[in-house]
Structures are given as C-alpha cells and as structure tokens.
Amino acid sequence: MEGPAMIQRTGIDKVLSGGSTGTTVTIYGWVRTSRSGKNVAFAALNDGSSVQNLQVVFDREAFGDESLAGLQAGACVCVTGTVVESSGEQAVELAARSLQVVGPVDTDFPLQKKRHGLDFLRTMPHLRSRTNTFGAVFRMSHHLSLAIHRFFDTEGFYHIHTPIITESDCEGAGETFRVTTLPAGCADFDQDYFRRKSFLSVSGQLEAEPFALSLGKVYTFGPTFRADPSDTRTHAAEFWMIEPEMAFYDLDDNIALIERFVKFCASYLSEKCAADIAFFSEHYEKGLGDRYRTLEEGFARVSYTEAISILGSTSGVFSSVPSWGDDLATEHERYLAEKHFGRPVFVTDYPASMKPFYMFMNPDGKTVAACDLLVPGVGEIVGGSQREHRLPVLTDRAVAQGLDLSVYSWYLELRRWGTAPHAGFGLGFERLLMYLSGMENIRDVIPFPRTFGKMY
RNA sequence: GCCUCGUUAGCUCAGUCGGUAGAGCGGGUGGCUGUUAACCACUAGGUCGGAGGUUCAAGUCCUUCACGAGGCGCCA
C-alpha cells in the first residue's frame, strides 16, 4: 500500500536562516512582487513564516513567458529549486527548476505591492494577513499568547477556564451582551435555555476567585465581551483578557507581579520576534526600541491622591484639572505615563466611590486597594486590586452599589468559609499587543475585529 | 451618544478664486535591464459617496443622509 501523499515543503524562514545553500528545496508561498529581465525573472515569495521574502530567480528561456505570467502579485505558487548565494541585497535566493501556479489571481486582487492604508486593509480581514504588517502582528500575537502561559506556569499558576456564559450582568466592568434562545420579543426567561437570564462574560474574575481560594494561584485567559458603546481605538466588543487571581497576595504583591509579568512578555518577544519588532520600529513606531528599553527598568508608582496633586500643579496643559474624587481623564492618564514619568506607571488607591464593590477598603475608609497600569501610547492596560475578603465590608459595599445579593450568594459565601486575603488583575491582551508592537488601533491587532457598530 | 475631519480611477492622492477630470502605482501592450515597491514608452480605466438646493455654470458653495477616521466619556 502506498502511504499518504503528503505535501513536502520547506519554510521560507528556514531557507533564509542559512545553512541550506546548495540543497534542493520545495517552497510554497504567495507572490509579493515579480519583475522580469532579459535572461532572468524574479519573484519575491512569502509564506508567512517570516517578514522577509524569499527571492526566486527564473531562467526566462527555460520557463517561457507563458509560464512566468503566472507570477502575479497574490498568486500562490510552488517552486522547486536550489538554494544559492545571491549576488544582490539578500544573502541567499532560490534558483528555480520548476514552477507550478497553485492558485492564480484574478486581476482585481486588491492587495498591491505598494503600501496600503490600514483603514483600507481593515475592510478585508481575510486578506490583510498577507501583508508584511499583519503577518508581523499575528506572528507576534502568537508568541505573546505563549509568553503569557509560560510566565504563569513558571510562577506556579494554574490555568482555569472560567465560563463564557454567565449569570451576573454587571460587576462595574461594562455592559453585557444577552444570550438567549427565546424568539424575538419574548421576555419569559423561565422558558429560556438556562431558565433564567444569561449573558456573555465581561470578566472571569468572580469565577476565578474560588479557584484562588483553593489552588492558590490561578489565571484565566479567554474571550471577554463588552457591549459598551465605546467607539475608540482602544475598545473592542470582543477581546481577550488575562485575569490572574492569587490567594495571600496584597496590593504590593499584586503590583510586583504585574510588573514582572509585563517585563517577561517584553523580553520573551524581544527574543522570539526580533525581525517583526524591527519591522514595526522602522514602519510604525520609531520609539519602539526605547519602549522595550524602558521595560527593562522599574515602573513608576503613585497613589491616586499624589496623582491629583501632580496634575493640579501642572498648569495650562489640561482642558480640565481634576480634584480629589474625580475620574482621571484620558489627557491626565496620558500626561502621567508619557510626560511626567515617561514609562509605565501604576496609579493606586482610588476613591472607593469610583471602584467596584469587591475591592479592598483601605484603613482610611475612603480609598480602595486598586492599581491601574498606564502605559505610554495606549493608556490603561491593567486594572487590578486586592479583593475585599471581609464579609461585612463586602456586603455593605454590594448593597450600597445596589447589587442583587442573591446573584452573588456563592461569592459572598467564600468570605464565610475560610476567607483569605487575595488579589488579582485584568490585563487586556490586545492592548498589551498594541503596546509591544506600536500598532495604534485595536482593530489592527485582532484578526476579525468586532467593535461598536462594526463587524469587519 | 457628542465634537472634528474626510469620501475624486482598482490603490495612494492632487484638483487654485465656482468655468466641465489629473498624477503615481496597479491592469494591458511594447522596450530595456541580475532586478530589489526595478525602469522607460504607449494604452484602457471616473454618475467626483447618495439625494436635494444656490448659480448662466458645482469635484469646489449650502442642506441632508450614508459610510469611514480621529478625539471625548466608559473601560481592559
């Protein structure tokens, strides 16, 4: 019996990494550009394994014009040939012996070899990953995901899959999407699939806490859904969030972990995605190298109260100057991260009135043990806190915020049966990816973005 | 939801004071060349986002709608 006819191919990254000169390889890839000379024709192939293209050289006499006409931008081709040293800019190239057009392109193929605008590419999420930019984005996205799992594994965390369909509709996190099988217009929730109202999760935190109070240190990393009408470059309706939750952690432990975590991700990407980072640095964010260098130094830390004081003594810069008890506006957050500190900064101990019921009430009775991490260029990427583990305080705050205690009964029980100090945070995966790539719009770091009013 | 800007060839964009449509790239044809977003020449390609209005005349001015981008609020 014959074995399966598996496709044999070599990745372009492997050919370019050297050591294969003189060998015969078969490459599958998409044509980025092609041009022809009197005796030879050239095509630049990309197969997604690298931001670099492989230059393939064809002998015009051997292949003929009809055959080479298939080398149009966008076509998928298979080339077998010999890896040789190049006389041009690149170290090696492929001297072709055979060419097969696997997938030709119609002439209205929208991607061209010149640079396209990101807006335009957003309208074709099924094609934009064939560009240098989006190839780099999604290679980096992969490595960032792996970095996250590796970090928490090394730190002794367990990965928990918290539910995507939940019962609690609000934790101060945002608006929810309803999940239902009822016909349109029907509001008889007893007849609904779960025999009650249900929602897509806006956070896995509440479900992660029980596992922190049993396994010690856990994290969730999964899709999160927010129905907020937020139409900005940093908001998406569907995004991925990393939410660690740790028993026997206070606010200081929490902050130290966040800093360690972000630094690990940066150094991991520096090692795994050097070529892609260089690409972003050259074409998108000139200061990306500096950004990575600052990440090797310490983050700044201020309390909310100190931040208000800093902003108050900075005159003539802001459209409004906040006083104690006001939210920090985007212009204030940007000033702190980009101008005043010039690096990532933790803002801690916010007024209790501004934060959700589950955050730990500080001894001053006015502030809670919260920490937001603000980074230059993106803004807030982390929101975290020590959790309130004292039942009476927690109950009082839940009632004060008008929550239905019956929905949170099991959450409250955790404080009656073996409660323990604990802390955690939520980090937006795509915002971290924006920060580490220099991409400025969250729609450009999500494969098929879903944002307010738009499903690309 | 509010504010600002934008929408002209497949793509990127120019279009002056209101006078009837332009370039580069891409497509096609030819030339030249171990090229590097190759180059050179020729060629095809447009209901100037839609509707209405002002005017002798609207890509240009006004109204309105649609779509897109940025900012704000909220958050990750």
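Letters go in sequence order (proteins before strands), and every chain restarts at 1. Owing to the predicted nature of the structure, the values given are computational and were not obtained by experimental measurement. Both backbone and side-chain heavy atoms feed into the values below; hydrogens, waters and symmetry mates do not.
- A/Arg443 and A/Asp231 are joined by a salt bridge, as a carboxylate oxygen and a charged side-chain nitrogen come within less than 4.0 angstrom of each other.
- The distance between atom CZ of A/Phe225 and atom P of B/rA76, rounded to the nearest whole Å, is 16 Å.
- Nearest to the side chain of A/Arg431, among B/rA76, B/rG70, B/rU33, sits B/rA76.
- A/Phe152 and A/Phe261 have their aromatic ring centers within a separation under 6.0 angstrom.
- Counting any heavy atom pair closer than 4.0 Å across all strands shown, A/Pro110 reaches no nucleic acid atom.
- Between A/Glu440 and A/Gly383, the one whose closest nucleotide on RNA chain B sits nearer the 5' end is A/Glu440.
- Remark: the separation of the C1' atoms in B/rG1 and B/rG73 is 9 Å, to the nearest Å.
- Spacing between atom CD of A/Glu175 and atom C1' of B/rG1 amounts to 13 Å, rounded to whole angstrom units.
- Pairing for B/rA38 is absent, judged as Watson-Crick or G-U wobble with the two contacts each under 3.5 Å.
- The partner of B/rA23 is B/rU12, judged by Watson-Crick or G-U wobble contacts that both fall below 3.5 Å.
- Note on A/Gln55: a base of the nucleic acid sits closer than 4.0 angstrom, heavy atoms only.
- Within 4.0 Å (heavy atoms only), A/Gly88 reaches at least one base atom of the nucleic acid.
- Aromatic ring pairs are classed by plane angle as parallel below 30°, tilted from 30° to 60° and perpendicular above 60°; the pair A/Tyr219 and A/Phe157 is perpendicular.
- Stacking between A/Phe42 and the base of B/rG34 is absent under the criterion of ring centres within 5.5 Å and planes under 30 degrees.
- A/Glu430 comes within 4.0 angstrom of nothing in the nucleic acid, heavy atoms only.
- When the C1' atom of B/rU35 is taken as reference, atom CG of A/Asn53 falls 14 Å away, rounded to whole Å.
- Contacts of A/Ser36 with the nucleic acid, taken as non-hydrogen atoms under 4.0 Å apart, include base atoms.
- Residue A/Thr33 has a polar side-chain atom (N or O) positioned under 4.0 Å from OP1 or OP2 of B/rA38.
- Closest to the side chain of A/Gln112, out of B/rC11, B/rA69, B/rU35, is B/rC11.
- When rounded to the nearest whole Å, the span between CZ of A/Arg35 and C1' of B/rC25 equals 15 Å.
- At least one side-chain nitrogen or oxygen of A/Arg122 sits closer than 4.0 Å to the OP1 or OP2 atom of B/rA69.
- Salt bridge status for A/Arg301 with A/Asp252: present, with a side-chain N to carboxylate O gap under 4.0 Å.
- The same atom, P, is picked in B/rG68 and in B/rU12; the two are 15 Å apart, to the nearest Å.
- Taking atom C1' on both B/rU8 and B/rU60, the two are 11 Å apart, rounded to the nearest angstrom.
- Judged by closest nucleotide on RNA chain B, A/Ala329 is the one of A/Ala329 and A/Phe429 placed further toward the 5' end.
- The pair A/Arg150-A/Asp153 does not meet the salt-bridge criterion, since no charged nitrogen lies less than 4.0 angstrom from a carboxylate oxygen.
- With both ends at atom C1', the span from B/rU29 to B/rG70 equals 44 Å, rounded to whole Å.
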Under 3.5 Å, sequence neighbours excluded: what are the donor-acceptor pairs made by side chains of residues 62-74 of chain A?
residue: A/Asp65; atom: OD1; partner: A/Arg60; partner atom: NH2; Å: 3.0
residue: A/Asp65; atom: OD2; partner: A/Arg60; partner atom: NH2; Å: 3.4

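- Among the nucleotides B/rG70, B/rG73, B/rG34, the one closest to any side-chain atom of A/Asn441 is B/rG70.
- Scored by the side chain to side chain contact (heavy atoms under 4.5 Å, CB included) test, A/Trp240 finds A/Phe221, A/Pro223, A/Phe429, A/Glu430 as partners (sequence neighbours excluded).
- Both distances falling under 3.5 Å, in either a Watson-Crick or a G-U wobble arrangement, occur for no nucleotide opposite B/rG18.
- Taking 4.0 angstrom as the limit, A/Lys355 places none of its side-chain polar atoms (N or O) nearer than this to OP1 or OP2 of B/rC74.
- Between B/rC25 and B/rU36, the distance separating the two P atoms is 14 Å to the nearest Å.
- Taking every side-chain heavy atom of A/Phe120 into account, B/rU12 is the closest of B/rG68, B/rU12, B/rU36.
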Item checked: ring-ring contact (aromatic ring centres under 6.0 Å, His included) between A/Tyr335 and A/Phe318, intermediate numbers included -> CA-CA 9 Å; A/Tyr335 176 83; A/Phe318 306 121; 5.2 Å; yes
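- A gap of 7 Å separates the P atoms of B/rG26 and B/rC39, to the nearest Å.
- Relative orientation of the A/Tyr411 and A/Tyr408 rings is perpendicular, given thresholds of 30° and 60° on the angle between their planes.
- Nucleotides B/rC48 and B/rA23 have their C1' atoms positioned 16 Å apart, rounded to a whole Å.
- Following rounding to the nearest Å, A/Glu331 (CD) and B/rG73 (P) show an atom-to-atom distance of 7 Å.
- Of the listed nucleotides (B/rA38, B/rU35, B/rG73), B/rG73 has the atom at the smallest distance from the side chain of A/Thr232.
- Comparing atom distances between the A/Ser230 side chain and each of B/rC74, B/rU36, B/rA69 picks out B/rC74 as nearest.
- Minimum atom distance to the side chain of A/Glu333 is reached by B/rC75, of the listed B/rC75, B/rA76, B/rA38.
- Counting only heavy atoms from C-beta on, A/Phe452 has its side chain closest to B/rG1 among B/rC75, B/rG1, B/rU35.
- Rounded to whole Å, the C1' atom of B/rA9 lies 15 Å from the corresponding atom of B/rG49.
- Across all strands, A/Ser86 comes closer than 4.0 Å to base atoms (heavy-atom distances).
- When rounded to the nearest whole Å, the span between CG of A/Asp228 and P of B/rC72 equals 16 Å.
- When distances run from any side-chain atom of A/His116 to the nucleotides B/rG34, B/rA37, B/rC11, the shortest one goes to B/rC11.
- Checked against B/rA76, B/rG71, B/rU35, the side chain of A/Arg233 finds its nearest nucleotide in B/rG71.
- At whole-Å resolution of the value, CG in A/Leu118 and P in B/rU12 are 11 Å apart.
- Per the geometry, CG belonging to A/Leu45 stands 14 Å off C1' belonging to B/rU36, to the nearest Å.
- In this structure B/rC61 sits in a base pair with B/rG53, meeting the Watson-Crick or G-U test at under 3.5 Å.
- The phosphate of B/rG28 (OP1 or OP2) has a side-chain N or O of A/Gln72 nearer than 4.0 angstrom.
- The side chain of A/Arg443 contributes an N or O atom lying less than 4.0 Å from OP1 or OP2 of B/rA69.
- The partner of B/rG1 is B/rC72, by the rule that a Watson-Crick or G-U pair needs both atom distances under 3.5 Å.
- In this structure B/rA66 sits in a base pair with B/rU7, meeting the Watson-Crick or G-U test at under 3.5 Å.
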